[in-house]
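Written below as C-alpha cells is the structure these notes are about.
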Amino acid sequence: MAYNFNQIEKKWQKEWEEKKIFCAKKNSKKKKFYVLEMFPYPSGEGLHIGHALNYTIGDIRARFKRMLGFNVLYPMGYDSFGLPAENAAIRVGVHPEKYTKKSIANFIKQQKALGLSYDWSKMLSTCEPEYYRWNQLFFLKFLEKGLAYRKKAAVNWCPKCNTVLANEQVHNGKCEYHKDTEIEIRYLEQWFLKTTEYAEELLEMIDDLNWPQRIKIMQKNWIGKSHGTEIEFEIIKNDESLGKWPIFTTRPDTIFGVTFMVVSAQHPQLMELVTDEQEKEVKDFLRKIKSVSEKELEEMEKEGVFTGSYAINPLTNEKVPVYAGNFVVADYGSGMVMAVPAHDQRDFEFAKKYNLKIKQVIAGGDIKQKAYTGQGKLINSEKFNGINNEKAKQKITKYLEEKGLGKRKVQYKLRDWLISRQRYWGTPIPIIYCEKCGIVPVPEKDLPVKLPKKVEFGKGNPLETNEKWINVKCPKCGGKGRRETDTMDTFVDSSWYYMRYPDNKNSKEPFDKKIGSYWLPVDTYIGGAEHATMHLLYARFWTKALRDLGFIKYDEPFIQLFNQGMLHAADGRKMSKSLGNVINPLDIIDKQGADALRLTLMSFASPDSDTSWDDKVLQGSSKFLKRIINYFEKVKIGKADVKTESKLNKSIKEITNQIESFKYNLAIIKIRDLFNSLPEKTSKDVLEKFLKLLHPFCPHITEELWHKIGNKTFISLEKWPVADEKKIDESLEKQEEALDKLIRDINNVLKLVGEKKKVFVYVLPNEKEMYLNEVDLIKKRTGLDIMIYAVNDKNKYDPENKSKKVKPNRPGIYLE
RNA sequence: GCGGAGAUGCCGGAGUGGUCAAACGGGCAAGAUUUAGGCUCUUGUGGCUUAGUGCCUACCUAGGUUCGAAUCCUAGUCUCCGCACCA
C-alpha cells in the first residue's frame with residue numbers, strides 16, 4: 001500500500017483538534033497530571049530539532065499518562081518578550097509585536113505538524129497585557145513586602161544589548177547573547193528582587209526534588225553557601241583609625257598567620273583607604289587592570305598594590321599592610337579578605353610576588369614551595385597551639401565572639417536578582433517618580449501599565465523618548481510625575497507562566513486559587529540544562545515568594561525535572577547555520593512524516609544523553625513503520641496463540657516501566673522486538689494492544705491503523721494495556737530460543753557441508769507437536785525441506801542415528 | 001583548580017556480578033525475489049576449530065576482590081559538560 005503519511009497525519013491532527021480531545025477536564029474526579037515543556041522563545045527561525053526533541057519527549061509522557069487514566073494538562077505558550085524581537089525590529093523595521101505574532105503563528109503551525117497533543121485552549125503569550133499585567137501586580141506585592149527594592153549598584157552593562165544584565169546572564173565576563181562582547185561595569189539605580197531572602201530555603205529544598213543530580217549540584221554551587229566567621233579588623237590610615245572593617249573567612253583557624261590584607265580593586269570604598277603617597281600608584285594599578293581584556297584577566301597573575309593603610313589583627317594586635325588586589329571579588333563577603341600566605345595558595349603567590357611575610361600557623365607541608373592547605377595542629381598561635389585546626393575553627397570563633405571581635409556567619413554566593421532592563425520589549429515596571437513624593441507605585445486599579453505601541457527604535461530605550469507615555473500625574477499628589485522607563489527582565493515572565501496555564505483567561509486575578517491548587521505543582525517539567533541557574537532558580541524563588549504572599553500553598557513549582565540531551569549534527573559538532581549541518585525538523589516531516597521523525601528522535605539514545613543526528617536511524621525508523629503498515633495490510637485476524645500472548649504481556653510489562661522512567665529508546669527496542677514476533681494470524685486484541693504501545697511514539701500511524709482494524713474511537717483516548725501476568729509463560733521463550741538455535745545449527749551445518757536439500761529433525765515425543773507447528777518457519781529460514789520425527793517413531797529415517805543425541809529443547813538433525 | 005558525566009564490536013548504542021562474543025538499529029557480505037535497481041525476505045559479520053562442537057582473545061589501561069567481572073574495588077589515561085580567583 002502506498003501510505004501517504006502527510007495526508008494521514010494531517011487528517012488526524014485535524015480530527016484531534018476539531019473534537020478537542022486533548023483538553024484538560026474541568027472539575028474532574030480523576031487524578032491530575034501536569035506535563036510541561038519549557039516554553040519557547042518564538043523566533044523567526046521557527047522550530048529547530050532541539051524543540052522537536054523536547055516536545056516529543058513531553059508529548060510521549062502526556063499521551064502515556066492520559067492513557068493511564070490521568071486528567072492531563074499539557075499546555076503550550078510563548079515566551080514572547082525579549083531582546084531578539086526588539087533587535088529584529090531595529091534591523092528590519094518591523095514592530096516587535098508584529099514580528100512576535102508572526103513567529104508564534106509559525107511555531108504553532110509547526111508544532112501541530114509534529115502531532116503534539118497540546119490543549120491549545122490554554123495557550124498564553126507573555127507579551128500580551130492580559131498576561132504581563134500580573135507581572136506588574138506581583139511586582140507591587142513584592143514591593144509592599146520588601147522583596148523588591150531599588151538601589152544604586154555596580155551592574156553588568158552590555159553595550160550591544162544596551163541594557164543591564166543579571167549576574168546569571170553574564171558568562172566569563174561576556175554577555176550571554178553577545179559572546180564576543182565584554183560586559184562593562186556601570187553604577188546605576190536599578191530594581192532588584194530579593195532572591196537572597198530565600199537562599200537558605202532554595203538550597204535546602206533542592207534535595208527533595210526529583211531532578212537530575214547535576215542540575216541540583218549546579219544550583220547548590222550557584223547558591224554557594226559557606227560557613228565561616230566574620231572578623232573585625234581595625235584599619236589605620238596615617239596613624240588614624242578608620243574604624244573597624246569586617247572580613248569574612250572560612251579559615252578563622254589561620255588568623256594568627258595573617259600577614260597582610262587584600263581589598264578588592266573594585267571595592268566602592270577603596271579610595272578611602274589609600275594614602276596620599278600611594279594614590280598615584282593605586283590609580284595606575286586600577287587603570288592597568290581596566291585596560292586588559294577579560295580573557296587576559298582570567299589568565300593574569302595575582303597582582304596588587306599597597307594602599308598605604310594598615311590593619312590591626314584583633315588577636316595579635318599586629319599591624320599588617322592593606323593591599324588592593326585584582327583577585328578579590330568586590331561583592332562577596334565584604335570585598336576584603338585577610339591573607340594567610342602560609343595556608344592559602346592565592347595569598348601565597350601574592351606574598352611571593354610582593355615579598356610579604358609568610359607565617360606558618362598549622363604544622364605540616366613544606367611552605368617554601370606552596371601553601372599548606374591540609375589539616376594539622378596549630379603552631380605560632382599563642383594559647384591555641386597544639387589544637388587540631390578543625391577544632392580551632394570553633395574555638396577561635398567562640399573566643400572572637402566572646403571578645404566582641406567577630407561572629408559566626410553564613411555566606412552565600414547568590415545575589416539579589418537585578419530585574420531592570422533598559423529596553424522596550426518587556427513588562428513596564430509599574431512605578432512613577434513624582435517630584436514631590438518620590439517613588440510611587442502605580443495603584444493596582446490602574447494596571448496594566450501598557451507598553452505604548454508607537455515608539456521610535458534605534459536610539460537607546462524607546463520608552464525614554466516617548467514623552468506622551470512618560471509624563472503622568474502622580475497617583476498620590478496629582479503633581480508632575482514620570483513613569484519608570486525600565487522594563488522587567490523576561491525571566492520574570494517565565495517565573496510563573498506555568499501557574500497561569502490552567503486558568504489562562506482569568507481577567508480578575510493571575511489565577512483562581514482553587515484551579516491552581518488542583519493542577520499545580522507541575523508533575524513533569526521537561527527542558528534543556530541551560531536553564532539550571534537562571535529560569536529554574538528564579539521560578540523556585542517566585543513560587544516561594546507567592547506562597548508567602550498567600551497566592552499559593554505549595555513550596556516548589558516542579559516536582560520532577562527531566563533534562564533532554566543535546567542533539568548534535570551528524571558530524572558530532574553543534575548544529576549551526578554557519579557549519580551548514582542543521583537538520584530542519586520540518587523537512588523531515590515533509591519527506592518521511594512526523595511519526596518517523598518522532599521515532600527517530602527517540603531511537604538515538606536515552607533522551608537525557610547527548611547524541612548526534614544520524615540519517616541511517618531515520619531510514620531505519622521509516623522502514624520499520626512501513627513494515628508495520630505492510631503487516632497490518634496482510635494480517636489475518638483470528639485467535640491469538642499462547643506464544644504471542646505471552647510475549648505481548650511480557651512486553652506490556654516491560655514497556656510500561658520503561659516509558660514511565662523515560663527510557664524511551666529501550667521501550668522502542670522492545671516494541672520492535674514484539675513486532676518481529678507477531679505471527680501472520682493473530683487476534684484483534686493483540687493488534688490493538690500493540691498499537692497502543694506504539695501510540696505515544698507514533699500517534700498518527702497508530703490512530704490510522706486503529707481505525708483500519710475496525711475501531712471508531714480514538715486510540716489517543718484509549719486505556720493503556722495492562723499486563724496479564726497469568727499469560728506470561730517463560731517456558732515458551734525457552735522453546736523459542738531452542739527453535740532459533742535449531743535453525744542456526746541447521747544453517748551452520750549447511751555451511752560446513754555444502755548443498756543439501758532436506759533436513760531431518762529428531763525431537764522428544766512431547767516436543768514433536770511444537771516443532772511440527774514451526775515447520776513453515778524452519779523451511780523459510782533454512783530453505784530446506786523438513787521432516788520431523790519423534791525419537792520413538794518406528795519408521796523414522798535416521799541413517800546416522802542422530803536421535804541418540806537428542807535432549808530436551810535440543811533436537812537432533814541430519815541433512816542430506 | 002573544583003564539581004559532574006562518560007569510555008563496549010565497523011558505527012550508533014543496550015547490558016551493571018554468572019544464562020554474554022554481547023540486545024536493537026545501521027553498515028558491510030552472501031543468497032532469494034526482480035528484466036535491472038529499489039523495496040522486501042533469509043543468512044552471515046572477533047580468531048581458530050567442528051556436521052549443529054570445542055577452545056582462545058575481547059567491553060579504555062594496569063592491578064585487585066570473587067568459584068565467577070563488561071558489570072564490584074583501587075590507581076591511571078582520555079573525552080565531554082558545568083563553575084571558575086567566593087577567602
Side-chain angles (χ1 to χ4, degrees), chain A residues 171-173 212-218 220-222 224-226 228-229 247-252 254 261-262 264 297-302 325-340 343-347 349-350 411-415 529-530 532-533 565-566 568 570 572 600 603-606 608-621 623-624 626-627 630 663 665-666 668-673 676 734 737 741-754 756 759 761 777 779-783 800 802 805 810-816:
Chain A
H171 297 288
N172 297 326
Q213 197 56 31
R214 65 192 193 109
I215 303 291
K216 290 191 189 184
I217 289 168
M218 277 193 219
K220 279 189 183 176
N221 291 343
W222 190 264
K225 181 180 184 177
S226 49
T229 308
I247 60 96
F248 175 76
T249 181
T250 54
R251 297 295 307 273
T254 62
M261 306 287 281
V262 188
S264 168
L297 200 72
E298 246 174 74
E299 289 152 10
M300 206 163 78
E301 276 188 58
K302 290 155 193 39
N326 63 349
F327 65 98
V328 175
V329 178
D331 52 359
Y332 179 77
S334 58
M336 189 193 280
V337 297
M338 64 180 216
V340 185
H343 305 291
D344 181 287
Q345 189 56 27
R346 293 159 304 188
D347 298 346
E349 286 168 28
F350 195 87
Q411 186 75 41
Y412 300 92
K413 285 194 225 171
L414 185 73
R415 314 289 150 79
E530 67 274 18
T533 48
M566 278 271 278
H568 296 288
T600 304
S603 294
F604 287 126
S606 172
D608 57 354
S609 62
D610 293 352
T611 38
S612 311
W613 177 263
D614 187 344
D615 264 329
K616 285 168 188 158
V617 175
L618 174 64
Q619 301 319 330
S621 302
K623 219 152 86 178
F624 178 58
K626 276 182 205 154
R627 281 176 56 212
N630 283 342
K663 291 175 177 161
N665 58 328
L666 302 186
I668 288 170
I669 287 163
K670 290 275 179 232
I671 290 171
R672 281 176 179 273
D673 193 38
N676 288 338
K734 290 231 171 68
E737 277 166 35
K741 179 87 168 76
L742 171 70
I743 290 168
R744 254 181 294 145
D745 284 348
I746 296 171
N747 282 315
N748 189 13
V749 175
L750 208 51
K751 207 172 73 183
L752 289 169
V753 300
K756 299 280 174 189
V759 58
V761 178
L777 183 75
K779 244 184 211 170
K780 189 180 168 195
R781 289 177 59 185
T782 59
E800 290 191 10
K802 295 284 187 189
K805 285 188 175 176
R810 185 105 176 88
I813 54 175
Y814 176 70
L815 281 76
E816 79 170 25

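Naming: A, B, ... by sequence-line order, numbering from 1 per chain.
The aromatic rings of A:Phe327 and A:Phe350 sit tilted relative to each other, their planes meeting at an angle between 30° and 60°.
Inter-residue side-chain proximity for A:Asn676 and A:Arg627 is flagged as met; some heavy-atom pair is nearer than 4.5 Å. Within the 4.5 Å cutoff, side-chain heavy atoms of A:Met261 are placed close to those of A:Ile247. At a threshold of 4.5 Å between non-hydrogen side-chain atoms, the residues A:Ile671 and A:Ile669 do not count as touching.
Taking the side chain of A:Val328 as heavy atoms from C-beta on, and the options B:A14, B:A84, B:A87, the nearest nucleotide is B:A87. Here the side chain of A:Phe248 is nearest to one of B:G3, B:A14, B:A87, namely B:A87. Considering only side-chain atoms of A:Met218, the nucleotide from B:U53, B:A87, B:G82 that sits closest is B:G82. In the set B:C85, B:A14, B:C41, B:C85 carries the atom at the smallest distance from any side-chain atom of A:Lys302.
With both ends at atom C1', the span from B:A5 to B:G38 equals 43 Å, rounded to whole Å. Using atom C1' as the reference point in both B:A22 and B:A69, the two lie 14 Å apart (nearest Å). For the C1' atom pair drawn from B:U77 and B:G27, the interatomic distance equals 30 Å after rounding to whole Å. Taking atom C1' in both B:U79 and B:G31, the straight-line distance is 42 Å, to the nearest Å. Taking the C1' atoms as reference points, B:U53 lies 33 Å from B:C60, given to the whole Å. The C1' atoms of B:C41 and B:U34 are separated by 13 Å, rounded to the nearest whole Å. As rounded to the nearest Å, B:A29 and B:C78 have C1' atoms that lie 34 Å from one another. B:C2 and B:U57 are spaced 41 Å apart, taking the C1' atom of each and rounding to whole Å.
The nearest pair of heavy atoms linking A:Met338 to A:Thr254 is CE-OG1, 3.7 Å. Shortest non-hydrogen contact noted between A:Lys413 and A:Arg415 is O-NE, 2.8 Å. A pairwise comparison of heavy atoms in A:Ala529 and A:Arg214 identifies CB-NH2, 3.1 Å as the closest pair. Across all their heavy atoms, A:Ser603 and A:Asn665 have their closest contact at O-CB, 4.4 Å. Scanning both residues, A:Gly333 and A:Gln411, for their nearest heavy atoms gives N-NE2, 3.4 Å. Taking both residues in full, the closest heavy atoms of A:Ala339 and A:Asp347 are given as CA-OD2, 3.2 Å, listed atom of the first, atom of the second, then distance.
Taking atom CG of A:Asn221 as the reference point, atom C1' of B:G82 lies 9 Å away to the nearest angstrom. Here B:C41 presents its P atom at 8 Å from CG of A:Asn630, a figure rounded to the nearest Å. As a whole-Å value, the separation of A:Phe624 CZ from B:G12 P is 23 Å. Atom CG of A:Asn665 is separated from atom P of B:A14 by 6 Å (rounded to the nearest Å). B:A14 atom P lies 13 Å from atom CZ of A:Phe604, rounded to whole Å. Atom pair A:Ile215:CD1 and B:A5:C1' shows a separation of 12 Å (rounding to whole Å applied). Distance CD (A:Gln213) to P (B:G6): 12 Å, rounded to an integer number of Å. With rounding to whole Å, A:Asp610 atom CG is found 13 Å from B:G4 atom C1'.
At the heavy-atom level, A:Gly812 lies under 4.0 Å from base atoms of the strands shown. If you check every strand for non-hydrogen atoms under 4.0 Å, A:Lys780 touches sugar and phosphate atoms only. Residue contacts shown for A:Ser603 are absent, as no nucleic acid heavy atom lies under 4.0 Å away. Residue A:Pro811 is in base contact, counting any heavy-atom pair closer than 4.0 Å across all strands shown.
Using a 4.0 Å cut-off, some side-chain N or O of A:Ser226 falls inside it from OP1 or OP2 of B:A87. A:Lys413 has no side-chain polar atom (N or O) that falls below the 4.0 Å cut-off from OP1 or OP2 of B:C85.
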Letter per nucleotide, 5' to 3', of nucleotides 21-30 of chain B [B base touched, S only sugar-phosphate touched, - untouched; heavy atoms, 4.0 Å]: --BSSSS---
Please produce a list of atom pairs where a protein N or O lies less than 3.5 Å from an N or O of nucleotides 43-51 of chain B.
| residue | atom | partner | partner atom | Å |
| --- | --- | --- | --- | --- |
| B:U43 | OP1 | A:Arg781 | NE | 2.5 |
| B:U43 | OP1 | A:Arg781 | NH2 | 2.8 |
| B:A51 | N6 | A:Leu815 | O | 3.3 |
| B:A51 | N1 | A:Leu815 | N | 2.9 |

Side chain to side chain contact (heavy atoms under 4.5 Å, CB included) evaluation trace for A:Arg781 with A:Leu742: CA-CA 11 Å; A:Arg781 289 177 59 185; A:Leu742 171 70; over 6 Å; no
Worked check of side chain to side chain contact (heavy atoms under 4.5 Å, CB included) between A:Thr249 and A:Val337: CA-CA 7 Å; A:Thr249 181; A:Val337 297; over 6 Å; no
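Under 4.0 Å is where a charged nitrogen must lie from a carboxylate oxygen, and between A:Asp344 and A:Arg251 no such pair does.
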Pairing string, 5' to 3', for RNA chain B - Watson-Crick or wobble contacts under 3.5 Å, brackets [ ] where pairs cross, | to another strand: ((((((((.[[[..)..(.....]]]((((((.......))))))(((.....)))...[[[[[..)....]]]]])))))))....
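Where A:Thr782 and A:Val329 each meet RNA chain B at their nearest nucleotide, the meeting point lying more 5' is that of A:Thr782. The nearest heavy atom of RNA chain B to A:Ile746 and to A:Ser609 marks one nucleotide each, and the one closer to the 5' end goes with A:Ser609.
More than 12 heavy atoms of other residues, nucleotides or ligands shown are found within 6.0 angstrom of NZ on A:Lys225.
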